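Report on one structure; see the data block that follows.
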Amino acid sequence: QAYQTKRNRTMKKPKTDNCCTELGWIEYIIYIGNDDLHVSICPCCDTDGTFRAFDHDEQELISINGWLVDEFMVVPA
């Protein structure tokens, strides 16, 4: 799937932290049970269902089941 960047360039998928910034994705710390994830999520993403996020620790796209998330905390820019 392709994503549109702020500068009207098309990227297939984010592969680095900088790609997420370029795409305008929002950076979060997500808490699921006793675990936390440092991720970026597309701003138009529906986080109630299953959604794609970029995991900053592993530098890869992952799928998250939104109904399992206890808390979303925005990382200040």
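Computed from a prediction, not measured in an experiment: that's the story for all the values here. When reading the values below, keep in mind they use all heavy atoms of this one structure, side chains included, and skip hydrogens, waters and symmetry mates.
Phe51 and Leu23 fall into different hydrophobic clusters, where Ile, Leu, Val, Met, Phe, Trp and Tyr are joined by side-chain heavy atoms under 4.5 Å apart, directly or via other members. Under the 4.5 Å side-chain heavy-atom criterion for grouping Ile, Leu, Val, Met, Phe, Trp and Tyr, Ile32 is connected to Ile62 within one hydrophobic cluster. The same ILVMFWY cluster, assembled from side-chain heavy atoms under 4.5 Å apart, contains both Ile30 and Ile26. Under the 4.5 Å side-chain heavy-atom criterion for Ile, Leu, Val, Met, Phe, Trp and Tyr, Val69 and Leu37 are members of the same hydrophobic cluster. Side-chain heavy atoms closer than 4.5 Å link hydrophobic residues (I, L, V, M, F, W, Y) into clusters, and following such links, possibly through other members, connects Ile41 to Ile64.
With sequence neighbours left out, Asp36 forms a side chain to side chain contact (heavy atoms under 4.5 Å, CB included) with Ile29, Tyr31. By the side chain to side chain donor-acceptor pair (under 3.5 Å) test, Gln59 pairs with Asp17, sequence neighbours left out. The side chain to side chain donor-acceptor pair (under 3.5 Å) check on Ser40 picks up His56, with sequence neighbours excluded. For Asp57, the side chain to side chain contact (heavy atoms under 4.5 Å, CB included) partners at least two apart in sequence or on another chain are His38, Asp55. Taking the side chain to side chain contact (heavy atoms under 4.5 Å, CB included) definition, one finds that Pro76 meets it with nothing, sequence neighbours left out. Listed by chain and number, the residues in a side chain to side chain donor-acceptor pair (under 3.5 Å) with Thr50 are Asn65 (sequence neighbours excluded). In terms of the ring-ring contact (aromatic ring centres under 6.0 Å, His included) criterion, residue partners of Tyr28 (sequence neighbours excluded) are, by chain and number, Phe72.
Expressed to the nearest 0.5 Å, how far CZ of Arg52 lies from SG of Cys42 amounts to 12.5 Å.
Of all the heavy atoms in Trp25 and Pro14, the pair that sits closest is CH2-CG, 3.6 Å.
For residues 66-77, no pair satisfies side chain to side chain donor-acceptor pair (under 3.5 Å), with sequence neighbours left out.
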